[in-house]
2 protein chains.
Amino acid sequence: MQVKQNIPEYYGLSEEEVRMTLESYVEEHYKAGEYFLQEGKIAGKIGFVKKGIFRSFFYNDNTDDITTQFYVPGSLIISIESLNNQVPSKENIVAVVDSELSTVSYERQKQLYELIPAWNRICKDLGDEMNKDMLNRATQLQTMSATERYQDFCTQNPEIIKNVALKHIASYLGIDIATLSRIRRKI
Amino acid sequence: MQVKQNIPEYYGLSEEEVRMTLESYVEEHYKAGEYFLQEGKIAGKIGFVKKGIFRSFFYNDNTDDITTQFYVPGSLIISIESLNNQVPSKENIVAVVDSELSTVSYERQKQLYELIPAWNRICKDLGDEMNKDMLNRATQLQTMSATERYQDFCTQNPEIIKNVALKHIASYLGIDIATLSRIRRKI
DNA sequence: AGCATTGTTTGACAAAAGTCAAATAATGAA
DNA sequence: TTCATTATTTGACTTTTGTCAAACAATGCT
């Protein structure tokens, strides 16, 4: 999910509103392997990726590590259900490499809805973007072969290919790691 | 996607706001096979399903009819990209059986954002719900076998099973029609 | 009712993808 | 650097899923 560029201009934020927005951000650094959110904990913030890569995943019945999403610079990191309903998260979100985020706390987020009317629209648009991406992902899983999914992923996400363990990409694409290894050999 | 019940109470709408909201709805009847939205046209409204079933689909390169979603009573029908950006739709949305909708036009929708502050939150929450559903769908396609996906679909959507052609369910689940037929025999 | 159209099932087969286990390769910590 | 751990590849094999074509069933017009 890529955050729309030039938010202030686009949404006609006043200088005061821009100032309040910028004040709300907290910069955070994550070492590879550090968690943004852990299973069982309640999400307390959203994050905008400035640098690095994050990965969200959960453990299924068989305790397999299932990757549900990658987050690259420009992405919004949010665990919607946990954050909105303040319930324990079912997913983990972890930095894959050393990374930097701008975060906004849940509390501050709620204030911004009141303070800056346009904030609602910004968040709605971000949500719509996520929706489009998610629909796209579902459609790919629905209609494309393992090889096609991998090839498309490679062209769309060269940075992820370079930095993320193959097994996590395999899991994200719904492909067995051995099968993906063979797909790579053939290409 | 199920629309949250009791919207007025939940979002603290005033009587006046409830009145404006209700005034915005246009009731529409669709015969089986009638289109809510056609590929190439620009989406002009959103719809809440009151009765019946709708189906969204597109044609891929091979001109296969790919079902992307079903809409049952309580669902919000929206073609996000086409409506938000007022660009031609890539998908079709059609009534599977005789159906009834409450619709709100794109123009009125925009007015409501101004007239009723809570409308922003309502729409954001609806979007979040859609997001959750879509993530769930992607995860199923990613991790479950064809048989598991079909079984889960049957328990979650008995009404759809009863009323929609098997080939559309197969397409939605990403399963070949012949394969799904065999899955059914075995169960 | 009769017929054409569309949807579903089935068989025989092919291709895609997964499983298990072992061999390599890469990585990271002492 | 060395060793243990983790990641990736590979082989041999099984299972799942898809393909094609034909048969059968259901549906809807006229």
Side-chain angles (χ1 to χ4, degrees), chain A residues 30-34 53 55 57 59-67 70 92 94-98 138-154 160-187, chain B residues 30-35 52-53 55 57 59-67 70 92 94-98 138-154 160-187:
Chain A
Y30 288 78
K31 290 240 168 65
E34 272 191 278
I53 303 177
R55 175 177 83 90
F57 67 101
Y59 295 103
N60 70 2
D61 314 330
N62 310 319
T63 69
D64 302 319
D65 170 327
I66 310 287
T67 294
F70 293 108
N92 303 276
V94 65
V96 175
V97 297
D98 293 355
T139 304
Q140 291 210 356
L141 287 162
Q142 181 186 354
T143 63
M144 288 162 59
S145 71
T147 302
E148 289 170 330
R149 297 201 300 276
Y150 176 68
Q151 287 183 317
D152 189 80
F153 187 87
C154 288
I160 295 177
I161 291 288
K162 260 189 289 196
N163 290 292
V164 177
L166 193 65
K167 63 176 181 173
H168 294 142
I169 294 164
S171 153
Y172 175 75
L173 294 173
I175 306 172
D176 186 273
I177 171 69
T179 299
L180 183 52
S181 184
R182 293 191 174 92
I183 286 171
R184 270 154 48 105
R185 183 173 45 178
K186 259 188 272 178
I187 291 175
Chain B
Y30 287 78
K31 289 240 170 67
E34 272 192 277
Y35 282 75
I53 304 177
R55 175 178 83 90
F57 67 99
Y59 295 102
N60 70 2
D61 313 331
N62 310 319
T63 67
D64 302 320
D65 169 326
I66 310 286
T67 294
F70 293 109
N92 304 277
V94 65
V96 175
V97 297
D98 294 355
T139 304
Q140 290 209 358
L141 287 162
Q142 180 187 356
T143 62
M144 287 162 60
S145 72
T147 303
E148 289 170 329
R149 296 202 299 277
Y150 176 68
Q151 287 183 317
D152 189 80
F153 187 87
C154 288
I160 295 177
I161 291 287
K162 260 189 288 195
N163 290 293
V164 178
L166 194 65
K167 63 176 183 175
H168 295 142
I169 294 164
S171 153
Y172 176 74
L173 294 173
I175 306 172
D176 186 273
I177 170 70
T179 299
L180 183 52
S181 184
R182 292 192 173 92
I183 286 170
R184 270 152 50 104
R185 183 173 46 178
K186 259 188 272 176
I187 291 174

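Numbered from 1 within each chain, the chains take letters A, B, ... in sequence-line order.
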Its contact letters, B for base, S for sugar-phosphate only and - for none at protein heavy atoms under 4.0 Å, make nucleotides 24-30 of chain D read -------
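- A heavy-atom distance below 4.5 Å is not found between the side chains of A:Ile66 and A:Phe57.
- Counting heavy atoms from C-beta on, the side chains of B:His168 and B:Asp65 come closer than 4.5 Å.
- A:Glu148 places its CD atom 13 Å from the C1' atom of D:dG18, with the value rounded to the nearest Å.
- Listed pair B:Arg184 / C:dT8 fails the phosphate criterion, with no side-chain N or O lying under 4.0 Å from OP1 or OP2.
- The nearest pair of heavy atoms linking B:Ile175 to B:Arg149 is CG1-NH2, 3.6 Å.
- Atom P of nucleotide C:dT8 and atom OH of B:Tyr150 are separated by 11 Å, given to the nearest angstrom.
- Taking the side chain as every heavy atom from C-beta outward, A:Tyr172 and A:Ile160 never approach each other to under 4.5 Å.
- When the side-chain contact (heavy atoms from CB on, under 4.5 Å) test is applied to B:Arg182, the partners found at least two apart in sequence or on another chain are B:Ala178, B:Arg185.
- Taking the side-chain contact (heavy atoms from CB on, under 4.5 Å) definition, one finds that B:Ala95 meets it with B:Tyr30, B:Phe54, B:Ser99, sequence neighbours left out.
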In 5'-to-3' order, the base (B), backbone-only (S) or no-contact (-) status of each nucleotide in nucleotides 13-30 of chain C, using a 4.0 angstrom heavy-atom cut-off, is ----SBB-----------
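- Distance OG/B:Ser171 to CZ/B:Arg55: 7.0 Å, rounded to 0.5 Å.
- A 4.5 Å side-chain heavy-atom check between B:Glu148 and B:Thr143 finds every atom pair outside the cut-off.
- Residues meeting the ring-ring contact (aromatic ring centres under 6.0 Å, His included) test with B:Tyr150, sequence neighbours left out: none.
- Sorted by residue number, the members of residues 161-173 of chain A with any non-hydrogen atom under 4.0 Å from DNA chain D read A:Ala165, A:Leu166, A:Lys167.
- The shortest side-chain heavy-atom distance between A:Ile177 and A:Leu166 falls under the 4.5 Å cut-off.
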